[in-house]
Amino acid sequence: MAKKRFEKVQREGALEGALVLKDTETGVLYLFYAAGYAGGLTPLLDKDGKPLTDN
């Protein structure tokens with residue numbers, strides 16, 4: 001079985017809320033926010049505008 005590309009790091013809220021995902025290949029962290037039928041995904045950035053990583 002292949003390794004999953006993304007893993008959940010943190011979750012806030014049950015049906016609506018934020019989810020932090022980690023790309024297991026690059027270590028980049030992403031924020032996913034869902035509310036009803038809408039949602040959005042964006043990389044988390046540091047103070048210099050570079051992607052946050054968790055390696």
Side-chain angles (χ1 to χ4, degrees):
M1 186 170 170
K3 182 179 176 183
K4 290 184 179 181
R5 175 76 189 254
F6 295 95
E7 64 182 30
K8 294 178 189 175
V9 176
Q10 182 178 346
R11 183 180 187 123
E12 294 181 11
L15 298 176
E16 295 184 1
L19 174 65
V20 176
L21 300 168
K22 176 184 172 185
D23 183 335
T24 59
E25 290 186 17
T26 64
V28 174
L29 297 173
Y30 295 89
L31 175 67
F32 176 74
Y33 191 85
Y37 292 107
L41 179 73
T42 188
L44 294 173
L45 305 176
D46 67 11
K47 64 180 181 174
D48 299 319
K50 296 180 182 174
L52 284 177
T53 59
D54 183 26
N55 286 334

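By convention here, the first residue in the shown sequence is residue 1. Here the structure is a predicted model, which means the values were calculated and not measured.
Taking Glu12 as the reference, nothing meets the salt bridge (Lys or Arg N to Asp or Glu O under 4.0 Å) condition, with sequence neighbours excluded. For Leu52, the side chain to side chain contact (heavy atoms under 4.5 Å, CB included) criterion is met by Leu29, Leu44, Asp46, not counting sequence neighbours. Among residues two or more places apart in sequence or in another chain, the salt bridge (Lys or Arg N to Asp or Glu O under 4.0 Å) test is passed with Arg5 by Asp23, Glu25. By the side chain to side chain contact (heavy atoms under 4.5 Å, CB included) test, Ala18 pairs with Leu31, Tyr33, sequence neighbours left out. Partners of Glu7 under the side chain to side chain contact (heavy atoms under 4.5 Å, CB included) rule, at least two apart in sequence or in another chain, are Lys22, Thr24.
A distance of 9.5 Å separates CG of Leu21 from OH of Tyr30, quoted to the nearest 0.5 Å.
Transitive grouping of hydrophobic side chains (ILVMFWY, heavy atoms separated by less than 4.5 Å) brings Phe6 and Val28 into a common cluster.
Here the side chains of Lys8 and Val20 are not in contact, with every heavy-atom distance at 4.5 Å or above.
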